Amino acid sequence: QQLAKLGEELAELHLLKHKSLNHPTTKYFGKGNSDKIEKPMYDEEAKRVFINESRYFDNISPEVWNYQVGGYQPMEKYLKDRAKAGRQMDDPGHYCKMATALAKTIEVQKEIDKLFPEAESEVLSFI
């Protein structure tokens, strides 16, 4: 039952519908009025993702930035795809929710990893 509850939480996170996403862990900062996504860059020491020389997202851990789904990093891919198309950061709140969802996903996965050995042994005992 605990694993099912965690699975439900993961589904809500990945659909960006989880209640915790209303309070993102990252914010959008910078000077100037250019929101053009030019050359995304991650500064690991500062925990910032820059979309251009003056605009950035703060408080993005290396674990979130480096998180992979299907062989790519969602945080990087989102920005690179938009940079190639010459787009603006028209919805920074969405990117903040993505970062928060990944941070929470990592937390939930750690909880699942703690519970899994016991659940696995229970299943195997029926075989």
Side-chain angles (χ1 to χ4, degrees):
Q1 288 179 342
Q2 289 173 311
L3 286 173
K5 182 180 177 190
L6 292 171
E8 183 179 350
E9 189 171 352
L10 281 177
E12 288 179 2
L13 286 167
H14 297 170
L15 293 170
L16 300 180
K17 294 182 176 184
H18 194 273
K19 63 184 176 197
S20 68
L21 302 181
N22 294 329
H23 307 285
T25 57
T26 187
K27 301 229 185 293
Y28 186 52
F29 292 102
K31 297 179 181 178
N33 57 2
S34 176
D35 288 317
K36 185 170 185 181
I37 303 170
E38 294 171 357
K39 187 177 180 186
M41 183 196 78
Y42 180 64
D43 181 338
E44 186 172 336
E45 189 175 313
K47 296 182 181 178
R48 292 180 176 168
V49 175
F50 288 84
I51 65 164
N52 58 38
E53 288 185 15
S54 61
R55 306 288 278 182
Y56 62 91
F57 292 90
D58 199 20
N59 195 31
I60 297 182
S61 72
E63 197 172 24
V64 168
W65 176 254
N66 293 315
Y67 190 86
Q68 291 199 8
V69 175
Y72 68 88
Q73 295 170 238
M75 299 301 293
E76 180 181 43
K77 183 166 177 38
Y78 180 91
L79 295 174
K80 281 188 171 182
D81 288 351
R82 283 152 182 79
K84 286 179 189 175
R87 293 183 53 189
Q88 302 280 321
M89 178 51 71
D90 54 1
D91 189 1
H94 182 78
Y95 195 77
C96 292
K97 282 184 176 186
M98 284 176 53
T100 303
L102 288 177
K104 300 281 185 191
T105 293
I106 292 165
E107 291 174 14
V108 171
Q109 285 178 323
K110 288 176 183 176
E111 290 181 51
I112 290 170
D113 289 345
K114 288 179 191 173
L115 295 171
F116 188 77
E118 183 181 340
E120 181 182 42
S121 68
E122 286 181 28
V123 170
L124 291 176
S125 70
F126 290 113
I127 297 176

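This one's a predicted model, so the numbers in the text were calculated from it and none came from an experiment. Numbering of residues begins at 1 and proceeds along the displayed sequence.
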Quick one: pull up [atom1] in [X] and [atom2] in [Y] and give me the separation to the nearest 0.5 Å.
| X | Y | atom1 | atom2 | value |
| --- | --- | --- | --- | --- |
| D81 | E76 | CG | CD | 10.0 Å |
| K47 | N59 | NZ | CG | 7.0 Å |
| N66 | L102 | CG | CG | 11.5 Å |
| I37 | D90 | CD1 | CG | 7.5 Å |
| F57 | F50 | CZ | CZ | 12.0 Å |
| K17 | K97 | NZ | NZ | 11.0 Å |

**Study point:** Check against side-chain contact (heavy atoms from CB on, under 4.5 Å), L6 and L115
**Key:** CA-CA 10 Å; L6 292 171; L115 295 171; 3.7 Å; yes
Practice item. Would you name the heavy atoms of Q88 and K36 that are closest together and state the gap between them? Key: OE1-N, 3.2 Å
Exercise for review: Write down the atom of T26, the atom of T100, and the distance for their closest heavy-atom approach.
Suggested key: N-OG1, 4.3 Å
Check your understanding: Are Y95 and Y78 an aromatic pair by the rule of ring centers under 6.0 Å?
Key -> yes
Exercise for review: Evaluate the side-chain contact (heavy atoms from CB on, under 4.5 Å) criterion for residues M75 and V49: first the C-alpha distance (whole Å), next the side-chain angles of each, then the deciding distance (0.1 Å), finally the verdict.
Suggested key: CA-CA 9 Å; M75 299 301 293; V49 175; 5.7 Å; no
Count I, L, V, M, F, W, Y as connected when their side-chain heavy atoms are under 4.5 Å apart, and connections chain through other members. Are [X] and [Y] then in the same cluster?
| X | Y | answer |
| --- | --- | --- |
| V69 | V64 | yes |
| W65 | I106 | yes |
| L79 | M98 | yes |

Check your understanding: Taking the side chain as C-beta and beyond, is there a heavy-atom pair between K104 and E107 under 4.5 Å?
Key -> yes
Exercise for review: Please examine the side chains of D35 and P92, heavy atoms only from C-beta on, and report whether any two atoms are closer than 4.5 Å.
Suggested key: no
Review point. Just checking, is any N or O donor in the side chain of D43 or Y56 under 3.5 Å from an acceptor N or O on the other one?
Key: no
Exercise for review: Please lay out, stage by stage, how Q73 and Y42 fare under the test side-chain hydrogen bond (donor to acceptor under 3.5 Å, both in side chains).
Suggested key: CA-CA 12 Å; Q73 295 170 238; Y42 180 64; over 6 Å; no
Check your understanding: Are Y67 and Q109 close enough, and set up right, to give a side-chain contact (heavy atoms from CB on, under 4.5 Å), and what steps lead you there?
Key -> CA-CA 12 Å; Y67 190 86; Q109 285 178 323; 3.0 Å; yes
Review point. Given the rule in the side-chain contact (heavy atoms from CB on, under 4.5 Å) test, do H94 and L16 qualify, once you have shown the distances and angles that lead to the verdict?
Key: CA-CA 9 Å; H94 182 78; L16 300 180; 3.2 Å; yes
